[in-house]
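See below for the structure under consideration.
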Amino acid sequence: QTGFITLDSGFKNTGATKSSITFLDGEKGILKYRGYSIEQLAEKSTFLEVAYLLIYGNLPTQKQIEDFQHQISRHTLVHEDMKKFFDGFPSKSHPMGQLSSLVCSLSSFYPESLDPNQTKEEFDLTIIKLLGKMATIVSWIYKKSLGHPVIYPKNKYDYVTNFLHMTFGQRTEEVEIDEVVIDAMNKLLILHADHEQNCSTSTVRIVGSSDCNLYASISAGISALWGPLHGGANQAVIEMLEKIKNDGGDVDKWVNKAKDKNDSFRLMGFGHRVYKNFDPRAKIIKKACDDILEKLGINDPVLDIAKKLEEVALSDPYFVERKLYPNVDFYSGIIYRALGFPTEMFTVLFALGRLPGWIAQWKEMRENKEPIGRPRQVYVGENDRDFVPIEKR
Ligand code: SDX
C-alpha cells in the first residue's frame, strides 16, 4: 500500500461495481441470474427468456416474450454490404477475430447507436438489433469457414432454432433440426449467459464507461473472451484432450506436466478465479454431455479421457490444495462437437451465449451513471533523468 493506492493486480480482491444481475457464491458453487438458480433456468427456461430476464430484470410474460421474439425476428438480417467484410477475411481466419470486427462494424451501419443520449426506445432498438444480428453473423462465419453459401434467417423459427437452421441448414433442401440439438443449444447458451464481473464483462463495462457505443463495447468484450485463459479455454480443452488421446491417453503424464512449474502446460478447463469448489455450470454440462451423446448415439473417445482426467486431477493434492475443479469450459466443447460444430467455433458460441449478459451489464452501468473507469498504478520505473543527445548515448 503506498499512500491512498492499493495494488490489486488482476482485481483479485476488488469489487468494481454494484450489480443486481448475477449472484455467484464461489465457496458454495451457487450461480443465480436475477435471483433464479441456474439449475432451474437451465432445466425450465429458453435462452431468449433468460436473455429477457437478464436485460430487463424479470422473467417475461407470454405477451412480453412474444413481442421480444417478434421484434428480434424483424432485425435478424444484416446489411448486405457487410458481406464485403466477410469476403475480405482469409478463409481460415479465426472466427473470434471475424466476430469482433463484424460486431464493431454494426456501429457504421447504425450510426444512431453512437449517440450516448439515445432515448430508451432507441436504446432498446439497438439491443434488439444486436441480439438479432449476432446469431446471423455467427452462423454466417461458420458457413464461410466451410465455403458454403449462407442461409438467411426465417421468421417462422424461434431464436435458437433459427440460429441452428442458419448454421446447419442447406440452400438445396430444408433440414430438420433434431429437438435434442435445439434443447442442448438452449441449455448451453443459458449456462453461458452471464457471470458477474469476469474479464470480458469488465471489458464491456470499462469500454462503455467512456460513453462508447454498445456495438464497439461488445466487440471489445468478444476480444477479451477470445483469450485461452477465458472463453478461449473451451477450444483449448478439446485441443488438449485430442493431444492426450493422440499421445496414447496417458492422463497421469499430462497431470504431472500441469503440476510442473517449469512446464508452461496447464490443464485447460480447470480452475477458476471465483469458484473454489465445483463450477455449477460444469456439473450441469457434464450431465448433459452423457444425455446428449447417448441420444445422438455418439461415442466420443475424448469424453472418456476428460472423465479420467477429472478423476485423476481431483484426487491429486496439487489440484485439491489449489481448489482446481473443472470449469464451464471443460465439458462444453464435447457437446458443441457432438452438435456438429468445429473446434474453432466454440468460443464464438460462448460469445453468443454471453451476449445478453454483456448487454445487461452495460445497460446497468449506463443506468447507474457510473463514472469512466480509470484505475491508478504504483510507479516502479526510473527516477528523474536528464535528456542525453543521441550522439552521446
Ligand atoms: C472462464 O471469471 C469468470 O467468471 C470466467 C468464466 C465466465 O463465465 O466468464 O467463468 C469463464 O474463463 C473459465 C476459466 C477458463 N480458463 C481455463 O480453463 C484456463 C485454465 N485455468 C487457469 O489458467 C486459471 O485457473 C484461471 C485463469 C481460470 C484462474 O486463474 P487465477 O485465479 O489467476 O489463478 P492462478 O493463475 O493464480 O492459479 C492459482 C494456482 C497457481 O499455482 P501456484 O502459483 O499457487 O503454485 O493454481 C495453479 C497456478 O499455477 N493453476 C493451475 C491451473 N489453474 C491454476 N495449475 C494447472 N492447471 C490449471 N488449469
Side-chain angles (χ1 to χ4, degrees), residues 10 26 29 92 94-96 145 184 187-188 191-192 199 225-350:
K92 290 293 167 231
H94 198 285
M96 284 296 274
S145 75
K187 186 170 283 191
L188 282 165
L191 291 169
H192 286 84
C199 177
L225 188 72
W226 192 355
L229 294 185
H230 190 15
N234 58 16
Q235 173 175 342
V237 166
I238 290 293
E239 288 164 352
M240 171 187 73
L241 294 172
E242 286 284 3
K243 200 186 286 182
I244 296 174
K245 178 169 74 76
N246 299 336
D247 181 43
D250 181 354
V251 165
D252 294 289
K253 167 185 164 188
W254 289 88
V255 167
N256 290 329
K257 272 173 72 69
K259 291 156 54 176
D260 177 357
K261 289 298 174 198
N262 301 321
D263 191 326
S264 62
F265 174 74
R266 277 195 164 191
L267 282 190
M268 300 315 278
F270 269 81
H272 198 277
R273 175 63 58 76
V274 177
Y275 290 124
K276 296 308 171 193
N277 207 319
F278 58 89
D279 180 334
R281 301 166 298 177
K283 277 183 93 168
I284 299 170
I285 293 178
K286 179 179 178 181
K287 184 178 174 318
C289 238
D290 290 327
D291 295 350
I292 290 152
L293 266 64
E294 193 206 331
K295 282 178 187 164
L296 294 176
I298 293 171
N299 172 29
D300 187 345
V302 299
L303 178 58
D304 303 331
I305 291 184
K307 288 183 173 175
K308 189 146 183 300
L309 190 58
E310 178 183 5
E311 191 188 312
V312 170
L314 296 193
S315 58
D316 185 304
Y318 176 96
F319 290 88
V320 174
E321 277 157 29
R322 290 168 178 77
K323 299 177 182 289
L324 300 173
Y325 293 85
N327 56 50
V328 66
D329 294 309
F330 189 63
Y331 285 102
S332 56
I334 296 170
I335 298 185
Y336 288 139
R337 199 154 99 141
L339 299 182
F341 290 102
T343 311
E344 299 71 39
M345 283 295 290
F346 290 3
T347 312
V348 167
L349 294 170
F350 190 145

Value for OG (Ser332) from CD1 (Ile284), rounded to nearest 0.5 Å, stands at 13.0 Å
Non-hydrogen side-chain atoms of Leu324 and Leu267 separated by less than 4.5 Å
no
Considering residues at least two apart in sequence or located in another chain, which fulfil the ring pair (Phe, Tyr, Trp, His ring centres under 6.0 Å) criterion with Tyr331?
none
Evaluate the ring planes of Phe270 and Phe330, with Trp represented by its six-membered ring, and classify them as parallel (under 30°), tilted (30 to 60°) or perpendicular (over 60°).
perpendicular
Between Ile335 and Ala288 the two heavy atoms that sit nearest each other are CD1-CB, 4.0 Å
One pair to check against salt bridge (Lys or Arg N to Asp or Glu O under 4.0 Å): Asp290 and Lys307. What are the steps and the verdict?
CA-CA 11 Å; Asp290 290 327; Lys307 288 183 173 175; 2.6 Å; yes
What do you reckon, is CD of Glu242 surrounded by more than 12 foreign heavy atoms closer than 6.0 Å?
yes
With sequence neighbours excluded, give me every ring-ring contact (aromatic ring centres under 6.0 Å, His included) pair touching residues 237-266.
Trp254-Phe265
Are the side chains of Glu311 and Val251 in touch, meaning some heavy atoms are under 4.5 Å apart?
no
Should the pair His192 and Tyr336 be assigned to parallel (<30°), tilted (30 to 60°) or perpendicular (>60°) ring geometry?
tilted
Output for pair (Phe346 CZ, Phe341 CZ), nearest 0.5 Å, gives 9.0 Å
Does any non-hydrogen side-chain atom of Asp329 lie less than 4.5 Å from one of Met268?
no
Could you tell me which residues satisfy ring pair (Phe, Tyr, Trp, His ring centres under 6.0 Å) with Tyr325, sequence neighbours excluded, listed by chain and number?
none
Value for OH (Tyr318) from NZ (Lys259), rounded to nearest 0.5 Å, stands at 9.0 Å
Just wondering, do His94 and Gln235 contact through their side chains at under 4.5 Å, heavy atoms?
yes
Do Leu303 and Arg337 have side chains that get closer than 4.5 Å, going by heavy atoms?
no
After noting the C-alpha distance and the side-chain angles of Asp304 and Lys308, does the key distance pass the side-chain contact (heavy atoms from CB on, under 4.5 Å) rule?
CA-CA 6 Å; Asp304 303 331; Lys308 189 146 183 300; over 6 Å; no
Is the shortest distance from a Lys or Arg side-chain nitrogen in Lys243 or Asp247 to a carboxylate oxygen in the other one below 4.0 Å?
no
Is the closest side-chain heavy-atom distance between Glu310 and Lys286 below 4.5 Å?
yes
For Leu229, all residues meeting side chain to side chain contact (heavy atoms under 4.5 Å, CB included), sequence neighbours excluded:
none
Please check this pair: side chain of Asp279 against backbone of Val328, looking for a donor-acceptor N/O pair closer than 3.5 Å.
yes
Which atom pair, heavy atoms only, marks the closest approach of Ala282 to Pro326?
CB-O, 3.6 Å
Determine which pairs satisfy side-chain hydrogen bond (donor to acceptor under 3.5 Å, both in side chains) with at least one residue from residues 263-274, sequence neighbours left out, and list them in order.
Lys257-Asp263
Kindly indicate whether the side chain of Tyr275, heavy atoms from C-beta on, has any atom under 4.5 Å from the side chain of Arg281.
yes
Nearest heavy-atom neighbours spanning Phe319 and Ala258
CZ-CB, 4.0 Å
Nearest-0.5 Å distance that lies between atom CG in Asp316 and atom CZ in Arg322:
9.5 Å
Check side chain to side chain contact (heavy atoms under 4.5 Å, CB included) between Lys276 and all other residues, then give those that pass, not counting sequence neighbours.
Glu27, Lys323
Which of Leu241, Val237, Leu339, Asn234 passes side chain to side chain contact (heavy atoms under 4.5 Å, CB included) with Ile334? Answer is Leu241
